[in-house]
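Some notes on the structure that comes next.
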Amino acid sequence: MKKLLFIIPLFVFSFSSVQDKAVIEWLNVNAIPIEDAIPTTPPTAFAANVPQKFKDSGIFLMVTLFFVVIGFFFG
């Protein structure tokens, strides 16, 4: 019975396509650039494109500062 409960969803989900062309195009249009291909440059493109509601939240600021510090020491 457990095998049947595993096989049926596996069969159903293997033939469904979630990311059609409209979804992929929406993701490409609304994507926030994080950085360029050079790993030593600071993430200025990310800082310029952060939505205001994320800038206002304290936890987002702490996480961003954490990754900037980590990138500074290990980048």
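No experiment lies behind these values; they were computed from the predicted model shown.
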According to a 4.5 Å side-chain heavy-atom criterion applied to Ile, Leu, Val, Met, Phe, Trp and Tyr, with indirect links allowed, do Trp26 and Val29 form part of one hydrophobic cluster? no
Are Phe67 and Val69 co-members of a hydrophobic cluster defined by side-chain heavy atoms under 4.5 Å apart? yes
Measure the CD-CG distance between Glu25 and Asn30 for me, rounded to the nearest 0.5 Å. 10.0 Å
